[in-house]
Enquirer: 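Below you will find the structure I want to go over with you.
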Amino acid sequence: MSLPDLAVATVAGLRALLDSGEVTSSDIVAAHLDQIRRYDRVFGAIRCLAPDALEQADYSDRVRREEGARSPIEGLPVLVKDNIDVAGLPTTGGALALEHSVPLLDAPIVAKLRSAGAVVLGKTNLSELANFLTEDMPSGYSALGGQVLNPYDTALTPSGSSSGSGAAAALGYAPLTVGTETDGSITSPADFQSLVGMKPTLGLVSRTGILPIAPSQDTAGPMTRTVADAAALLAAIAGPDVADSVTAASGGVAEALQNLMFDVRHLRGARIAVVQSDDAEFPQAALAALRRAGASLVDVSMPESGHDDELAVLHYEFGPAVDQYLAGLGPDAPMRTLADIQAFNVEHADVALKFRQVHVDTALAVEHVAQRSAYQQARSRDLAVAVESLTAALGDNEFLAFSGASGCSWAARAGWPSIVIPAAYAEDNRRPKGLMFVARPWSDARLLQLAYAAEQVHPVRRTPFEVNPAAFRNL
């Protein structure tokens with residue numbers, strides 16, 4: 001058996017080995033389980049592993065032999081964030097109150113992964129309740145899972161709530177990981193952990209079976225080491241879900257993702273508006289590479305703020321959304337409402353509430369009938385400000401570029417797709433820096449083509465083992 005370095009392995013490379021018969025899915029899954037066992041006692045990216053992972057791999061090998069691969073990700077391991085339902089595994093959101101909350105069914109996106117032949121390896125740690133438990137809690141911390149560490153620099157935040165999915169992808173625990181984002185929770189970890197992270201157009205991916213924050217902004221999306229791998233993962237999970245009406249318009253884009261063609265020449269003539277800000281310095285080498293490849297870049301600006309309504313919107317939606325999710329788990333679910341989680345936390349405050357539960361308390365104090373009109377106005381304002389600001393900055397260009405993940409809030413509130421790719425490492429401490437692209441809604445396929453071309457003309461990604469070798473010396 002000959003497997004590549006798991007921290008750089010790609011879907012295409014692993015698929016070629018599987019197609020040649022040189023390795024099996026069982027070999028690949030066993031190698032990734034070994035990688036997790038070796039490193040995760042330090043970095044804490046994994047919440048739990050699927051006990052049947054090797055059995056899933058054996059089945060995939062049999063399907064490949066007898067019928068052929070079901071998709072490009074046949075037999076490849078995938079890890080999903082622990083706010084996404086996997087039948088038989090707890091969906092905890094990192095909360096002690098949900099430690100034994102086990103769904104009966106896979107979330108539709110997990111069912112799609114299984115149909116594509118992927119091996120669901122397990123679940124990743126996250127910021128508790130997707131970072132909507134409280135204020136001033138470190139990214140990657142939860143009362144149940146502890147602290148996820150950034151493998152590129154353990155003193156640096158892993159960022160966002162999908163921090164475990166990010167660390168797992170960076171460390172080579174799986175070639176494919178799934179995160180979720182309400183505002184920055186995919187794209188920010190990708191920025192801080194030198195990954196490709198994509199927040200799709202709101203409605204491209206089903207949200208059913210995912211512990212929510214706010215339906216007006218929540219979405220799942222891919223976190224991988226290359227753009228092509230992100231595209232393969234997004235193609236597997238995108239598409240309509242009858243239980244999630246917002247996905248009704250997703251069929252055309254989902255189909256386009258199935259037949260996506262990549263070419264570095266997609267940069268020729270691409271019109272990119274580069275959002276300049278005093279607070280965010282661009283990786284200039286990346287911009288220079290885009291220009292050399294034929295892209296047209298023009299400097300633009302965005303408003304300094306403009307999201308005063310967002311938090312009120314999230315607080316209004318949070319309680320009912322969580323209650324609806326928990327109600328779907330059936331009568332034996334240990335928690336039935338967000339109020340139950342709040343009460344559990346109060347009763348077990350010594351172990352469950354190191355950082356309090358400010359967002360939970362605020363959400364449960366909302367009077368939904370009395371405040372409905374105010375909420376609707378706030379959501380309408382917030383959406384309008386985000387869309388109008390992005391549209392004005394975009395002008396007659398096709399894409400916006402932001403330093404790092406600095407455009408995440410604009411894209412999240414507007415429901416527009418965004419993607420971060422690795423772009424640089426700081427000279428003084430080698431900390432990663434990403435480059436974000438944002439495009440109009442339902443242009444996810446074109447956005448991936450641009451990101452792929454940008455990645456090819458500026459191929460800078462290095463593994464944490466190269467950038468931060470001291471962290472691995474004694475492991």
Side-chain angles (χ1 to χ4, degrees), residues 3-10 13 31-32 34-46 79 124-125 138-140 147-160 162-177 179 184 186-198 222-230 280-289 402-406 419-436 451 454-475:
L3 283 172
D5 177 355
L6 297 184
V8 298
T10 65
H32 283 91
D34 286 343
Q35 187 89 340
I36 291 168
R37 281 189 284 267
R38 181 173 182 183
Y39 297 113
D40 205 54
R41 58 189 173 86
V42 171
F43 295 99
I46 300 299
L79 288 161
T124 57
N125 276 319
S139 290
Q147 180 66 54
V148 178
L149 298 180
N150 185 334
Y152 282 91
D153 187 333
T154 56
L156 180 67
T157 177
S159 196
S162 302
S163 44
S165 293
L171 288 162
Y173 293 175
L176 305 168
T177 71
I186 289 173
T187 50
S188 190
D191 177 23
F192 278 81
Q193 299 191 65
S194 205
L195 295 169
V196 175
M198 183 168 180
M223 301 178 71
T224 61
R225 296 183 290 268
T226 71
V227 174
D229 290 358
E281 182 178 349
F282 267 94
Q284 293 301 318
L287 299 184
F402 292 85
S403 178
S406 59
I419 190 168
V420 167
I421 63 172
Y425 299 89
E427 290 185 7
D428 54 349
N429 53 28
R430 297 202 290 266
R431 287 178 172 177
K433 181 73 170 180
L435 179 63
M436 169 179 274
E455 175 190 60
Q456 297 305 301
V457 301
H458 188 60
V460 298
R461 183 183 179 269
R462 300 165 65 190
T463 73
F465 301 93
E466 300 169 88
V467 170
N468 190 25
F472 305 93
R473 188 156 290 125
N474 297 315
L475 298 182

Enquirer: Would you kindly say whether Ser188 and Ser159 are connected by a side-chain donor-acceptor distance under 3.5 Å?
Expert: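 Present: a donor and an acceptor within the cut-off.
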Enquirer: Where the side chain of Tyr173 meets the backbone of Asp40, is there a donor-acceptor pair that is under 3.5 Å apart?
Expert: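 Yes.
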Enquirer: Any sub-3.5 Å donor-acceptor pair from Thr177's side-chain atoms to Met223's backbone N or O?
Expert: yes
Enquirer: Please tell me if the side chains of Met436 and Asp191 come closer than 4.5 Å, counting only heavy atoms from C-beta onward.
Expert: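 With C-beta onward as the side chain, the pair stays apart.
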Enquirer: Run the numbers on Thr124 and Val148 for side-chain contact (heavy atoms from CB on, under 4.5 Å), then give the verdict.
Expert: CA-CA 10 Å; Thr124 57; Val148 178; over 6 Å; no
Enquirer: Rounded to the nearest 0.5 Å, what separation is found between the OG atom of Ser406 and the CZ atom of Phe282?
Expert: 6.0 Å
Enquirer: May I ask you to test the Val420-Phe402 pair for a side-chain heavy-atom distance under 4.5 Å?
Expert: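 Counting from C-beta outward, Val420 and Phe402 never come under 4.5 Å.
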Enquirer: Return the set of residues passing side-chain hydrogen bond (donor to acceptor under 3.5 Å, both in side chains) with Thr226 (not counting sequence neighbours), or none when no residue passes.
Expert: Asp229
Enquirer: Side chains of Asp153 and Phe192: closer than 4.5 Å at any heavy-atom pair?
Expert: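 The answer is no; the side chains never approach within 4.5 Å.
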Enquirer: Which pairs of donor and acceptor atoms, one on a side chain in residues 465-475, lie under 3.5 Å apart (sequence neighbours left out)?
Expert:
unit_1	atom_1	unit_2	atom_2	d
Glu466	OE2	Thr463	N	2.8
Glu466	OE2	Thr463	OG1	3.2
Asn468	ND2	Pro151	O	3.0

Enquirer: Counting distance only, does the side-chain N/O of Asn125 pair as donor-acceptor with the main-chain N or O of Gly44 below 3.5 Å?
Expert: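 Answer holds: yes.
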Enquirer: For residues Arg225 and Leu195, determine if any side-chain heavy atom of one lies less than 4.5 Å from a side-chain heavy atom of the other.
Expert: yes
Enquirer: In the structure I gave you, are the side-chain heavy atoms of Ser194 and Tyr425 within less than 4.5 Å of one another anywhere?
Expert: yes
Enquirer: Checking Thr224 now: which residues fulfil side-chain hydrogen bond (donor to acceptor under 3.5 Å, both in side chains) with it, not counting sequence neighbours?
Expert: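 side-chain hydrogen bond (donor to acceptor under 3.5 Å, both in side chains) check on Thr224 returns nothing, list empty.
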Enquirer: Does the pair Glu455 and Val196 meet the rule for a side-chain contact (heavy atoms from CB on, under 4.5 Å), with working shown?
Expert: CA-CA 10 Å; Glu455 175 190 60; Val196 175; 4.1 Å; yes
Enquirer: Within the 4.5 Å heavy-atom criterion, are Pro283 and Ser403 side-chain neighbours or not?
Expert: yes
Enquirer: Has the side chain of Gln147 got a donor or acceptor atom that lies under 3.5 Å from a matching backbone atom of Ser139?
Expert: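 Flag set: sc Gln147 to bb Ser139 pair under 3.5 Å.
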Enquirer: Compare all side-chain heavy atoms of Val8 with those of Arg461 and state whether any distance is below 4.5 angstrom.
Expert: yes
